[in-house]
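Here is the structure we will look at, set down as structure tokens.
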Amino acid sequence: MHADSTVSPTAGPSRRSMLAGAAALAGTAAAVTAPGSEAAAAPRTGGASPSAADRITEQPDRTGGHARATVFKDVRPYGAKLPVDLTVVDGVITADPAPRGAKVVDCGGRIALPTLVDAHIHPDKTAWGEPWVTRNPAGSIAEYTAEDVKLYHALRTPLKVRAERLMGHAVAQGTRAMRAHVDVAPAYDLVGVEGVGSARSALRHALDVEIVAFPQHGVIRTPGTEELLEEAARTGAIDRVGGIDPIGFDEALDEQLDVVFGIADRHGVGVDIHLHERAATGLTSLRAIIDRTRALSLQGKVTVSHVFCVPGLPERELDRLAADLADAGISLTTVAPSADLVLPIGRLREHGVHVGLGSDGVRDSWSPFGNADMLHRSHLLAQVQDARLDEELEAAFRSGADGGARLLGLPEADLAPGSPADFLLVRGECLPQVVVDLPRREMVVRGGRIVARDGELVGH
């Protein structure tokens, strides 16, 4: 796990193949004021540093503090041909004229896109920003969780610092909200919940964060976990309680779900369960989750993550399952791991099922990959879906921007009047090209305030 770890000469299975194998074994319309110019700025691509004359410039707010008003001048919402001015008052985009003396930010014809939502990430595990970690072979969930513990003890930087570093990086790449799954087990006690909670507080001006108490080591198979989950929920430190593969890993379907749903019901928190199980095993667990959601009237408060039993279902069976999920108000998340494991997002949405997109682990003991960049994750989603048409590339972006917002109950940041002024600025030609080329995020705006420039937080 760390620099002096012993590494077998035989490489272990990848995280992707491990998850699949383990599961198999288990069974625009923008809000505009006057246009910023009569012609669109020439589109620019690439990452070259702008000249002094081409930088985004700001003039101060002279409204006297009565209203926080900013005009983002000369932007192209979603890559529109003609630039417009976005007027923001007290964090909300408005079609009304800007108050006298409003701050003006000249955006130079850059594309404005909604910031994105990471619906599934593990910031407590990360070695992001740390010296390189050499990973040991692992071939099962139990072996990977053992490697998690080794890495936790090997890293010298406190968990809360590592988590805040990664979460701040996510903000600078254009993330406005995330659902953070945090390991809860006797090996860690509630250190992860406390650390990510601290990071959430530090970044509250720029990032909305839901915390899930995630029993990565199992709910039933690891004594003491149930009590920790209960404590985390009772103290109000978490927003959701998690679970993991009730049959394939915990080997206690009813007992695990009784614990998880019981905690949610008693303490008024939501549920988010990792489900890597495939085929009949996964469907059995998923049906049990649907039944408990209905029985406890938890509609709208339950999410199932990964859900590897859904991809590949026959069309008729998928439609029946999707209808049941929508009726129970259960949402799903995917991290787009591969073409055969990504959820059929379009079909699920046709039935009213909310589907979010997430980063999953970022440079942790499970994998050296990941970057907490949701625009990049939308790019990966488009790749595994074999997207080719402009509308397919745009749909991948919408999964990262709008899907997660619905999942977390946030208003969509669609750049229309009344929507939150949450957007990022990039150089480019159009939205599909941005999804493919992944230009540098030159500015990130949250609630009308600039929170990041050129990949770095500002005012933090």
Side-chain angles (χ1 to χ4, degrees), residues 115 117-131 133 148-149 151-217 224-225 227-242 263 267-270 272 358-365 370-374 404 408-410 422 444 446-447 449 451-452 455-460:
T115 43
V117 176
D118 194 328
H120 187 105
I121 187 171
H122 295 265
D124 60 315
K125 296 176 184 282
T126 191
W128 181 267
E130 297 295 296
V133 171
D148 283 339
V149 176
L151 181 60
Y152 170 75
H153 290 294
L155 294 173
R156 297 294 173 240
T157 304
L159 185 152
K160 66 179 181 180
V161 175
R162 291 185 283 109
E164 184 179 340
R165 178 196 293 153
L166 181 66
M167 292 159 68
H169 168 75
V171 170
Q173 298 308 307
T175 293
R176 67 173 172 129
M178 63 174 53
R179 181 175 289 172
H181 293 258
V182 181
D183 280 13
V184 169
Y188 314 110
D189 200 70
L190 295 177
V191 171
V193 170
E194 294 162 0
V196 174
S198 174
R200 171 169 64 178
S201 295
L203 294 167
R204 61 185 178 276
H205 68 291
L207 185 69
D208 285 337
V209 181
E210 280 191 359
I211 296 177
V212 182
F214 173 47
Q216 175 76 82
H217 296 194
T225 300
E227 290 77 10
L228 290 171
L229 295 174
E230 185 86 41
E231 181 181 352
R234 178 182 55 79
T235 59
I238 63 170
D239 304 283
R240 290 177 180 259
V241 60
I263 291 172
H267 300 290
V269 297
D272 194 325
S359 292
D360 208 6
V362 178
R363 201 163 296 183
D364 54 20
S365 68
N371 57 15
D373 180 346
M374 283 303 298
L408 271 66
L410 300 173
D422 298 341
V444 179
R446 178 66 199 273
R449 296 181 185 273
V451 295
E456 301 291 336
L457 294 179
V458 297
H460 174 63

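Just so you know, these numbers use all the heavy atoms, side chains as well, and skip hydrogens, waters and symmetry mates. Since we're looking at a predicted model, the values are computed, not measured.
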Sidechain N-carboxylate O distance under 4.0 Å for R446, D208: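 Salt bridge present between R446 and D208.
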Charged N-O contact under 4.0 Å between E210 and R240: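 Between R240 and E210 there is a salt bridge, with a charged N closer than 4.0 Å to a carboxylate O.
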side-chain contact (heavy atoms from CB on, under 4.5 Å) partner of L229, chosen from L190, V241, I238: V241
Looking at every heavy atom in both [X] and [Y], which two are closest together, and how far apart are they?
| X | Y | answer |
| --- | --- | --- |
| V133 | L155 | CG2-CD2, 4.4 Å |
| V171 | A206 | CG1-CB, 3.9 Å |
| G195 | L159 | CA-CD2, 3.9 Å |
| V444 | A172 | CG2-O, 3.5 Å |
| A372 | V362 | N-CG2, 3.9 Å |
| V184 | A213 | CG2-CB, 3.8 Å |

Residue R449 excluded, over 12 heavy atoms near CZ under 6.0 Å: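 Open: at most 12 neighbouring heavy atoms sit under 6.0 Å from CZ of R449.
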What's the spacing between [X] [atom1] and [Y] [atom2] if we round to 0.5 Å?
| X | Y | atom1 | atom2 | answer |
| --- | --- | --- | --- | --- |
| D118 | T175 | CG | OG1 | 5.5 Å |
| M374 | I121 | CE | CD1 | 8.5 Å |
| K125 | D148 | NZ | CG | 3.5 Å |
| R363 | L166 | CZ | CG | 9.5 Å |

For Y188, ring pair (Phe, Tyr, Trp, His ring centres under 6.0 Å) partners two or more places apart: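 Scan of Y188 (ring pair (Phe, Tyr, Trp, His ring centres under 6.0 Å), adjacent residues dropped) gives Y152, H217.
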With sequence neighbours excluded, residues passing ring pair (Phe, Tyr, Trp, His ring centres under 6.0 Å) with H120: H122, H181, H274, H306
Backbone N or O of [Y] within a donor-acceptor pair of the [X] side chain at under 3.5 Å?
| X | Y | result |
| --- | --- | --- |
| D422 | G447 | yes |
| D183 | Q216 | no |
| R179 | L408 | no |

side-chain hydrogen bond (donor to acceptor under 3.5 Å, both in side chains) against R200, all qualifying residues, sequence neighbours excluded: D239
Find out whether [X] and [Y] are in side-chain contact, i.e. whether some heavy atom of one side chain is under 4.5 Å from a heavy atom of the other.
| X | Y | answer |
| --- | --- | --- |
| L228 | P186 | yes |
| R156 | E130 | no |
| L457 | L203 | yes |

Under the rule for side-chain contact (heavy atoms from CB on, under 4.5 Å), what residues qualify as partners of [X], not counting sequence neighbours?
| X | result |
| --- | --- |
| T235 | E231, A237 |
| A199 | A163, E164, M167 |
| Q173 | H169, D373, R441 |

Step-by-step side chain to side chain contact (heavy atoms under 4.5 Å, CB included) determination, W128 to N371: CA-CA 8 Å; W128 181 267; N371 57 15; 4.1 Å; yes
